[in-house]
Each structure stands twice: as C-alpha cells, then as structure tokens.
Amino acid sequence: MRVCCVTGGTGGHIYPALALVKKWEQLDPSLDILFIGNDDRMEADLIPAQGYRFKALHTSGLVGGVIGKAKAVMQLGLAYGKAKAYLKEYKPDIVIGFGGYVSAPVILAAHALKIATVIHEQNSIVGKANQHVMKKVDAIITCYDKCKEVFPKDKIHLLGNPRATIAKEASFDEDYFKSLGLDLNKKTILIVMGSLGSKSVNALMKEALKDVGDELQFLYVCGKDNSNDLNLFNGKENIHVVSYVDTLRIYAHIEGMICRAGATTLAEVTALGIPAIIIPSPYVANNHQFYNASVLVNEGAAYMIEEKNLNAETLEKNIRTLFGNPEEMEKVSKQARKLGNPEAAYDIIELCKKLVK
C-alpha cells in the first residue's frame, strides 16, 4: 500500500503521524510512505531525519491584516497545485492529514483526484485546517467526543491518538532510568512542561517542592531553553533536573506526572493510566489545552491548575493531595485508563485499509 501523510507546524501534528507509520511499517514492511509538509517548519528537518521521503510546500495561516491574509490565500492556492502534482506522481492509495495549515491543500487535491482521504484531529477543539476540509474527506478520526460539535457526525471515528499505542508498548530502559539519578525503589513523579519547558513554572517550582518528603522522587525536565535551571535543586537528593528526557524509555516506572495538556501527552497519560496534575498552556490556539484537560478532570482522571491560578501554594497542595495519597492515585489512574485508547494505531490502520478496499 502507498500512504501519503501530510502534517506540519508543531510536534502535536507531526508525532502522531510518525507514530502511525512506524507501527504500520512493523505490521507491513512493504508499506510505501510519503510525507508532505511545510518547507520552513520543524517537519522539514524532523521527518527526513527519521528516514522518510519528504515533499515540501509553503503555506501560512490566515492571520494578520488584509495583506497578510491575501498572501496566505495565494500561498494555499499555489500549494494546492503543487500538491496535486506530487500526488499524481506518487499515486497514493490514501492520504491522511494530521492538521496544520499545510494539510488543507493536500487533502483538497487528493479529493479532487478521487484518492481516499482521512483527517486526524488530536485536540478537543477542531483546528481550522480540519474544519476547512471536513466535508470533503471520507473519514474523520477524533480523540474527544467534543469534536462532534463541529464535524459531520456520520464521518467520525473516535479512535484516539497513535502515540497512545507507542507509549503503551514502549520498553522500559532500566540503565537509562538509573543514568538520570533515579532510584527504582522510589515512587517517581515526572514534571515536564513540553520540550522547551516553561519559565513561569520553573520560577515557582523550587518553592512548591521545598518541603516535599523523601518518599517521593521527582524528575524535573526544565526544558532545552532553560539550562540555567539545571542547578535549581542542588542539595535536594530526591529531585533530579534535566533539560530533556526520552519519556518512552521510562514511562513504565513513572507513577505520576505534572504536565501540560498537549494532545500527545494526554494520549500517553491516559493509555498508561498515569495520575497527573495538568497545567494547560494558555498560549495556544483557541485555548484548546484547557478543553483537553477539562475532559480528564470532568471524569476524575486528572487534576488541573490553570496558569492564572498557579502558584507555589496551589501546586504544593495538589502534589500532596494526589501524590501523597496512594488511594487517590489509584482512583485517578483507574479513571485515566477508561479514557485511554492504547489500540489507537491498530484501529486507525484497519480503518484506512477498509477505505482503500
């Protein structure tokens, strides 16, 4: 089978696409894959580095004034023509869009060429690109029931995020875990605010964790842009600070998390049943992280602190209430698992096969 994945702009769009094709390749080594993305965003480097063929387009969002929007529309028109040429040359059996502005012209080009099309929406709030093409596609894969408010209900398949499958099946790397300074015999809480970290959270973390007992150990990922915070907890033997961690290699020994509400993170948290204190980023489109987190909170599957209410006192209180209470952790873990979709990648692959047939 020949599969074209179009994705771009952020890791939230890109990593689910990579997760799906990696799992699909394991099941079918003859799978032929082409990625299409932006020429000036992270996918242009990340996807070729993973060994996949990559074709580039140049698109941007409909933001700014009249001139900026007119320029974006012109770029999308040019991208549509170029995408059509790519698809005619490649002849895919199916085109799967994972969001980002670059996905819209490719999905529309595939529809015009009568190629099977699917879009995947990672968040609870539907992105603009997916809204633009939702009436043209053959199927829509979602992760949240809330998407029914926007998408045509007859096209929706609530299958989840492929990263959930990758997280659930990841192997624990004991040597890597120990290299981070962690003790296998202690309950481990992972604190991670995205790949770049969060300066606002870093600033209050020292105060929030100052009185935490030694029965817990924390792995605090301060972020690649915050290397000055690596010495934040010098002298605290149960708090280990790193700028980056490969979470898939240690998830099996993570008992709790403090994290943002990105779609990939929450897919992994629920698939694994990890009790979490979620701090949604308010700096994202349509405040979608708040709505992502609210789904878990409403089901008793996580705690949430909005950044406007975040301080050392509220964070410390939540840490003690959740991570200091084994019964509460187990209850939240059980609810999180109910929302998880650990079979997501397999289910999406089966849907795509049916559409092609």
Side-chain angles (χ1 to χ4, degrees), residues 3-21 23 35-38 41 43 59 61-62 94-108 110-111 116-167 260-271 280-281 284-296 339-352 355:
V3 176
C4 174
C5 286
V6 52
T7 182
T10 68
H13 297 310
I14 299 165
Y15 290 118
L18 286 170
L20 179 68
V21 299
K23 178 53 62 178
F35 274 91
I36 299 177
N38 288 294
R41 302 298 293 273
E43 62 268 23
T59 63
L62 296 170
I94 191 166
V95 175
I96 310 172
F98 284 84
Y101 287 105
V102 71
S103 67
V106 184
I107 291 293
L108 292 175
H111 174 75
T117 53
V118 179
I119 54 174
H120 186 277
E121 178 56 63
Q122 300 87 42
N123 292 298
S124 56
I125 302 298
V126 177
K128 290 182 180 179
N130 280 344
Q131 286 188 49
H132 187 64
V133 303
M134 62 186 183
K135 293 181 180 179
K136 303 290 186 181
V137 298
D138 297 301
I140 301 169
I141 299 165
T142 62
C143 302
Y144 295 93
D145 270 328
K146 187 175 175 61
C147 294
K148 291 179 181 178
E149 297 172 7
V150 177
F151 285 137
K153 293 182 178 61
D154 60 325
K155 295 185 178 184
I156 292 175
H157 300 263
L158 183 60
L159 302 181
N161 191 316
R163 282 284 298 195
T165 306
I166 301 301
R260 289 299 198 189
T264 296
T265 298
L266 297 192
E268 294 169 355
V269 163
T270 53
S281 172
V284 295
N286 303 312
N287 200 23
H288 68 254
Q289 286 204 6
F290 170 78
Y291 294 102
N292 290 353
S294 295
V295 173
L296 275 69
L339 297 178
N341 292 285
E343 300 297 311
Y346 299 109
D347 293 339
I348 294 170
I349 290 166
E350 285 306 307
L351 173 63
C352 290
L355 290 173

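All heavy atoms count here, side chains included; hydrogens, waters and symmetry mates do not. It should be emphasised that the depicted structure is a prediction, and the values quoted were computed from it without experimental measurement.
Listed for the His288 side chain is no donor-acceptor partner under 3.5 Å among the backbone atoms of Asn123. Between the side chain of Lys155 and the main chain of Val137, a donor-acceptor pair closer than 3.5 Å is present. Between the side chain of Thr265 and the backbone N or O of Ala261 there is no donor-acceptor pair closer than 3.5 Å. Checking side-chain atoms of Asp138 against main-chain N and O of Thr117 turns up a donor-acceptor pair under 3.5 Å.
Within the 6.0 Å centre-distance limit, the rings of Phe98 and His120 are counted as a close aromatic pair.
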Side chain to side chain contact (heavy atoms under 4.5 Å, CB included) between Phe151 and Asn130, intermediate numbers included: CA-CA 9 Å; Phe151 285 137; Asn130 280 344; 4.1 Å; yes
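With sequence neighbours excluded, the residues that form a side chain to side chain contact (heavy atoms under 4.5 Å, CB included) with Glu149 are Lys146. Remark: Tyr144 engages no residue in a ring pair (Phe, Tyr, Trp, His ring centres under 6.0 Å) (not counting sequence neighbours).
Heavy-atom contacts from other residues, nucleotides or ligands closer than 6.0 Å to OH of Tyr15 number 12 or fewer.
The minimum heavy-atom distance between Thr10 and Arg41, with the atom names listed, is CG2-NH2, 4.4 Å. Nearest heavy-atom pair, Ile125 versus Glu121, reported as atom, atom and distance to 0.1 Å: O-OE2, 3.7 Å. In terms of heavy atoms, Leu158 sits closest to Cys143 at CD1-C, 3.5 Å. A pairwise comparison of heavy atoms in Gly37 and Val102 identifies C-CG2, 3.7 Å as the closest pair. Contact between Ser281 and Gln289 at its shortest, heavy atoms only, is N-OE1, 2.8 Å. The minimum heavy-atom distance linking Pro16 with Gln122 is given by the pair CG-CG, 4.0 Å.
For the atom pair OG (Ser103) and CD1 (Ile36), the distance works out to 11.0 Å, reported to the nearest 0.5 Å. Between Asn286 atom CG and Tyr291 atom OH the span is 8.5 Å, to the nearest 0.5 Å. Distance check, rounded to the nearest 0.5 Å: CE of Met134 to CD1 of Ile107 gives 14.0 Å. With values rounded to the nearest 0.5 angstrom, Glu43 atom CD is found 4.5 Å from Ile14 atom CD1. Rounding to the nearest 0.5 Å places SG of Cys4 at 10.5 Å from CD1 of Ile94. Interatomic distance, Leu18 CG to Thr7 OG1, rounded to the nearest 0.5 Å: 7.5 Å.
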Exercise answer: donor-acceptor pairs, residues 340-352 side-chain atoms, under 3.5 Å, sequence neighbours excluded:
from   : atom 1 : to     : atom 2 : distance (Å)
Tyr346 : OH     : Lys23  : NZ     : 3.4
Tyr346 : OH     : Glu169 : OE1    : 3.3
Tyr346 : OH     : Glu169 : OE2    : 2.6

